[in-house]
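Notes to accompany the following structure.
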Amino acid sequence: MANPATGDAVAQNAVEGARMAAEVARQAAQAAQAYAEAAAQNYAEIAGQAAGAAAHALTGGAIDPFVFRLAIFVLAVCVGYYVVWSVTPALHTPLMSVTNAISSVIVVGALLAVGVDTVAEGTEWARGFGFVGLVLAAVNIFGGFLVTSRMLAMYSKKK
């Protein structure tokens with residue numbers, strides 16, 4: 001007849017082995033995710049450099065840098081539009097949190113622009129644009145908190 005204490009020890013060893021395997025799998029997944037993010041960033045940099053080199057070679061260097069940067073901006077707007085609109089509703093709250101973090105960095109830059117000394121010429125424009133940037137970023141931050149609050153209220157249980 002089998003000893004019940006031995007069976008419990010075997011089950012306990014199996015549970016501990018499963019925990020260890022889960023931890024190893026989690027660490028491997030984290031390493032794979034970090035590698036994939038680094039590879040994607042490298043591919044984007046290489047693609048940008050290749051596009052710039054191709055444009056330079058095709059036009060013999062006659063392309064205006066402003067036009068090239070404008071084309072990149074327009075493409076980024078198109079890609080951003082499709083990325084944002086393809087986000088599922090469950091991910092809108094984290095997306096708003098990231099937007100609020102970006103806007104807080106804009107607030108820091110706008111405060112620096114508003115605080116420019118009036119000694120040098122042309123600082124009135126910098127202060128004006130800094131103030132406008134500060135107001136728009138503040139509206140974005142507070143609006144983001146309102147939207148986030150509303151999104152979280154949708155998932156809470158009704159009282």
Side-chain angles (χ1 to χ4, degrees), residues 12 14-55 63-159:
Q12 222 171 15
V15 168
E16 187 61 32
R19 284 187 189 140
M20 290 173 52
E23 179 64 24
V24 168
R26 185 185 62 77
Q27 290 174 354
Q30 286 177 344
Q33 181 182 10
Y35 178 76
E37 289 172 358
Q41 184 176 5
N42 287 340
Y43 289 142
E45 289 175 10
I46 291 170
Q49 290 173 356
I63 191 167
D64 185 18
F66 175 76
V67 173
F68 186 69
R69 290 184 184 127
L70 181 65
I72 291 174
F73 177 74
V74 169
L75 288 173
V77 167
C78 293
V79 169
Y81 173 81
Y82 285 110
V83 166
V84 168
W85 284 109
S86 66
V87 171
T88 61
L91 295 178
H92 277 279
T93 301
L95 186 63
M96 288 303 298
S97 298
V98 172
T99 304
N100 287 341
I102 293 170
S103 291
S104 66
V105 173
I106 294 170
V107 166
V108 171
L111 286 173
L112 289 174
V114 169
V116 171
D117 288 336
T118 56
V119 176
E121 285 186 34
T123 57
E124 295 83 18
W125 284 100
R127 292 178 71 143
F129 283 128
F131 180 73
V132 170
L134 182 64
V135 169
L136 292 176
V139 167
N140 191 19
I141 289 172
F142 294 123
F145 282 124
L146 289 174
V147 170
T148 302
S149 173
R150 238 175 129 182
M151 289 289 295
L152 291 174
M154 287 172 46
Y155 294 108
S156 67
K157 292 184 179 181
K158 305 280 189 238
K159 290 184 179 180

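These values consider heavy atoms only, across backbone and side chains, with no hydrogens, waters or symmetry-generated copies. Bear in mind that the values here come from a model prediction, so they are computed numbers and not experimental data.
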Atom pair [atom1]/[atom2] of [X] and [Y] - distance to nearest 0.5 Å:
{"X": "I106", "Y": "L111", "atom1": "CD1", "atom2": "CG", "answer": "12.0 Å"}
{"X": "L146", "Y": "F142", "atom1": "CG", "atom2": "CZ", "answer": "9.5 Å"}
{"X": "L134", "Y": "L112", "atom1": "CG", "atom2": "CG", "answer": "11.0 Å"}
{"X": "F73", "Y": "F66", "atom1": "CZ", "atom2": "CZ", "answer": "10.0 Å"}

Would you name the heavy atoms of G130 and A110 that are closest together and state the gap between them?
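Taking G130 first and A110 second, the nearest heavy atoms are O-CB, 3.3 Å.
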
If we only count heavy atoms from C-beta on, is the N140 to L136 side-chain gap below 4.5 Å?
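Heavy-atom side-chain distance check fails, nothing below 4.5 Å.
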
